[in-house]
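Side chains included, hydrogens not; waters and symmetry mates left out as well; all remaining heavy atoms used.
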Amino acid sequence: MDWDKDGDILAVIAEKSSCIYLWDANTNKTSQLDSGMRDQMSFLLWSKIGSSLAVGTIKGNLLIYNRQTSRKIPVLGKHTKRITCGCWNTENLLALGGEDKLITISNQEGDTIRQTSVRSEPSNMQFSMIKTDDRTSTAESTISVVVGKKTLFLFNLNEPDSPINLEFQQRYGSIVCYNWYGDGYIMIGFSRGIFVVISTYIREIGQEIFQARNHKDSLTSIAVSQTLNKAATCGDNCIKIHDLAELKDMYAIINLDDENKGLGTLSWTDDGQLLALSTQRGSLHVFLTKLPILGDACSTKIAYLTSLLEVTVANPVEGEVPITVSVDVEPNFVAVGLYHLAVGMNNRAWFYVLGENGKSSCVKKLKDVEYLGTVASVCLHSDYAAALFEGKVQLHLIESEILDAQEERETRLFPAVDDKCRILCHALTGDFLIYGTDTGVIKYFYIEDWQFVNDYRHPVSVKKIFPDPNGTRLVFIDEKSDGFVYCPVNDATYEIPDFSPTIKGVLWENWPMDKGVFIAYDDDKVYTYVFHKDTIQGSKVILAGGTKVPFSHKPLLLYNGELTCQTQSGKVNNIFLGTHSFLDNLKDVAPNELRQMLTQTLMLKRFSDAWEMCRILNDQAAWNELARACLHHMEVEFAIRIYRTIGNVGMVMSLEQIKGIEDYNLLAGHLAMFSNDFNLAQDLYLASSCPVAALEMRRDLQHWDSALQLAKRLAPDQIPFISKEYAIQLEFTGDYVNALAHYEKGITGDNKEHDEVCLAGVAQMSIRMGDIRRGVNQALKHPSRVLKRDCGAILENMKQFSEAAQLYEKGLYYDKAASVYIRCKNWAKVGELLPHVSSPKIHSQYAKAKEADGRYKEAVVAYENAKQWNSVIRIYLDHLNNPEKAVSIVRETQSLDGAKMVARFFLQLGDYGSAIQFLVMSKCNNEAFTLAQQHNKMEIYADIIGSEDTTNEDYQSIALYFEGEKRHFQAGKFFLLCGQYSRALKHFLKCPSSEDNAAIEMAIETVGQAKDELLTSQLIDHLMGESDGMPKDAKYLFRLYMALKQYREAGRTAIIIAREEQSAGNYRNAHDVLFSMYAELKSQKIKIPSEMATNLMILHSYILVKIHVKNGDHMKGARMLIRVANNISKFPSHIVPILTSTVIECHRAGLKNSAFSFAAMLMRPEYRNKIDAKYKKKIEAMVRRPDTSETEEATTPCPFCEFLLPECELLCPGCKNNIPYCIATGRHMLKDDWTVCPHCDFPALYSEFKIMLNNESTCPMCSERLNSAQLKKMSDCTQYLRTEVEQ
């Protein structure tokens, strides 16, 4: 059996019959055709392109029957045996194979063109094109045939001498079937379940491109669908389907468990929608491989075909349960409205009402409508449906019961009869029917008013339209495949950039917050676009990005970046757009990705999402990018919020000022200026209600050319002010010609301050341009000093000295004027200006000029003003012969060069002493030393050097000189100064006795500085007289110990010295030695030897006697004398006078018993004869008639333990402490009557010391001057009670 090329006639041959049966499918009638041959038929085949039928017989004869002409061509003996296989090609050539192992190629007349023999019996013959390098041949010139079930034989008609035999591995089994597909590939199925793909490309021939064991036991058939790009194999009891693009991937497996007898043959329909399989059991299976992708969406509701007779309605956004609707016919179109579903084919549509509660049982069929032509598409909304057929659109109510009265609103046909156009596309929204025509008109029909409200004319015809959910924006595609966004509100269109010509459709974003986003899709990609309505650059469409779409996915609905697509299998699949990747979790996203996402959000105007990202990134650049985007989209409030977050105060304040502006262009202008797009800002300002803003901006930017042009149009009164500013800038850049012109333009005549600036500019520019007279006159007339200075400087650079000086002088810049007059040698003028000049340089220049003229007095005065003292000294010495003045200046200024000059002057006069002095002053020590040596003036040199900061070398050279002269004292002194202590000491100890005292003092200083034990012992030996047998005064030893800071030894020495002084009767000296030692030890925080403390106390008591007696206080005097007399052995040279005084003072004070006891002491034979004759008798009388009455001594508390003891007692019997004594009275101290001498820190009774200082003016202990006002009474005396004396 075989169908003809149109599928109308089925030709059938039967076994053992020589008749051919033809069955016409259209009329359902059978006709019989007589072959006119005796033998049985074995083969028949219709031509691929013509109406020829080829029939072969078992004896190898052939009949070709042309059905169109009813002509029969019998060809006898085409083959010698049974014809078994054959095929036609597209050029109507017929190839046949028979059991005689021959292959013949004949034309449609039956003439043999080619013939070839094969090794075994041929079967399964096919025509195809083989792959060649040049790919030029388009004809089917290659015959493929299976030979002996094992080999594939390829025979190229163009190359008959080189056929190709392809043999396969034994283990594959025999070839069951094969199929050509694609660009010269052959897929071969083998009996043992294996299928192989080979290429016929000459270079690749003989190689297996792919091989797989698809079935375990056997494979029975292969079928390839080029439309679907799929291949199916059947065997065992399953069908396996592969994708030709990627053969390794299994696309689907269909199991047929009930087919136990094995499977037969597979075949696809041409469109690939159906796959048929015959089985050995005699049954036929037909599989639906893909559904027509029919679907529609209205708002967020979608309807799509889920089976040939089933439509599903769903609302994925609102999460309603999908409803399945069974339909009566296999539809060609599907449409969904808010409450209805329409399906249909040809010119009929069936309407269904969708239930409220989302159950399939609530769906009911409403009606079917027959239209006046084949329907291309239908659109539904709430109440109305619109069907497009044959260039017309019919708008009608879905449920006619809704409107009772108004019949004319029930239906309407567009376009009107007189409108000669064809409608190519239409859409229905809640309010409008919109359609586009072949004349390029887009019309809006307002359903509520039942009339047209808007039309737009496009140059070429409009193919497709896609309104947004409200109908306020519309994307249309014209016949050139260009896309545009049309806004009916302002009748404006905006071209969509990078719009692919393959675009199939457009979907608008249904998410209410994301207005302006839409996608355009073709077969494999979705492009996301954004319509930016309000930006500072006006409205525009931008491409935000693209997303790949899986194979055969048709987008139905876009909601918040999620695309719902319909697939071939009757299901829906959701895809997330690549441009909306920021909607996922942002927590673990890397910063670089976040930045890319930020760019996406800004394109899509998703500012709150962008804010979140910036918060995570926390990066200044990201915040700034977001802020700039807000300015671009005129989102002023949001921009303020961002700038406030990042702390940009300036921007916040600027935006706060403009946020209330209602004029769109003015606001956009300000924002463009903030974004640094100044040209755009100017255009927007000029289009706004306040065009002067453009001028203000250009002035602020210092774009003076633009500002002047704008001022001419907008504010002519501003031209002078702009000209002035422009001139200043031109002057700065050195364009003096134009600067002068603009300064002249800037003069107003009524704005004094402004005109002064302009006139100053004119003056300066005139001078620079060479018009000096004009410039100078202008500058002289001008009130500004600074201008005169600036013009003077310009003239000076131009070497116009007289004019420059004149301007400087007029501007009271005397220094500059004088400097210029000097340059042009106008000394008279310089002299006039000199009293006003402060610059030393000018005075100096003037002085040099006067000196050259020999006017020395004037020169000296000028040099003095210039503070050039060397020149002053030089003139005084060389020309004015006034050395005294020169010397006084040298001493005043300490000038080295001056000192040198003066030294030279004295040298010429022969005054060597002065010369040496000035040489030293000028730091010429070597010259001074040589001079001193030559003229024997070394003492003078040494004296001067000693008072200067001098180096050790200088001191050493002097010391060596004196050493040579045997002047030991001087030599020692200078050795000491240069730190050579042992040589210094040697010379001091060699000094003659006339210089002894001074030499020993110096020796002590030397040893003190040297801190060298050897030198110390050398000096001590000298002082003790070890070397020359003459001990020196102990005071030197004391000083030595002090210099060496050996205070304990110094203390011991001091006691010895004091003892000697005491023995000699020098009590004040002894007191002072002990006091100074006491103070030194105390300052060094060294315990004071008790002997020293006691001796000082007794000597001080003795000194106090004189003070008290002189003041007439006999009691205090007597008490002190009793203390001294008790220690009389310490006063050996004055025993008798002291005892005498004690007796007399005790007697006067009424201390009779004490007087008696000391008188009795005087009566001892060794003292008796030494008593002064004045008192002798009186004392003897006292001893003869003793009076033992005694005034009781007052008691006062001990400051340590409050024990009451006699006031002159210094040792407390209670606590055994030595109590500090009062330096004014000698009594022990009291806690509550404590003061100290501010100089020596010794304690005194405040009340007593104050009384004493009324008569005395010095401290009795340290002899420093003191008055009672300096005394401070102490509340806390504990620090003085801590003992400083060794116990």
Pairwise distance CD1(I1128) to CE(M1161) - rounded to 0.5 angstrom: 8.0 Å
Minimum side-chain heavy-atom gap L1266-F1249 below 4.5 Å: yes
Least distance between heavy atoms, R1123 atom then G1226 atom: NH2-O, 2.7 Å
Spatial distance of atom OG1 (T1142) from atom CG (L1151) [nearest 0.5 Å]: 11.0 Å
Which atom of A1159 lies closest to which atom of V1143, heavy atoms considered: N-CG2, 3.4 Å
Donor-acceptor under 3.5 Å (N1267 side chain, A1269 main chain): yes
Non-hydrogen atoms of H1100 and Y1221 that approach each other most closely: CD2-CE1, 4.1 Å
Nearest-0.5 Å distance, CD1 of residue I1251 to CD of residue E1256: 13.5 Å
Derivation of the side chain to side chain contact (heavy atoms under 4.5 Å, CB included) call for K1152 and H1147: CA-CA 5 Å; K1152 300 288 189 341; H1147 190 73; 3.7 Å; yes
Reported CD1-to-SG distance for the pair I1223 and C1240, which is rounded to 0.5 angstrom: 4.5 Å
Least distance between heavy atoms, L1104 atom then P1260 atom: CD2-CB, 4.1 Å
Side chains of C1198 and H1228 in contact at under 4.5 Å (non-hydrogen atoms): no
T1191 side chain to G1150 backbone, donor-acceptor under 3.5 Å: yes
M1252 backbone acceptor or donor facing N1111 side chain under 3.5 Å: no
Of H1114, R1119, H1108, the residue whose pairing with E1145 passes side-chain hydrogen bond (donor to acceptor under 3.5 Å, both in side chains): H1114
Pair E1193 + R1227, salt bridge at N-O below 4.0 Å: no
Gap separating the CG atom of L1162 from the CD1 atom of I1179, nearest 0.5 angstrom: 5.0 Å
Euclidean distance, M1120 CE relative to S1141 OG, rounded to 0.5 Å: 15.0 Å
Evaluation steps, side chain to side chain contact (heavy atoms under 4.5 Å, CB included), between L1211 and N1218: CA-CA 5 Å; L1211 181 68; N1218 277 318; 3.6 Å; yes
Shortest non-hydrogen separation from C1277 to W1234 and the atoms involved: CB-CD2, 3.4 Å
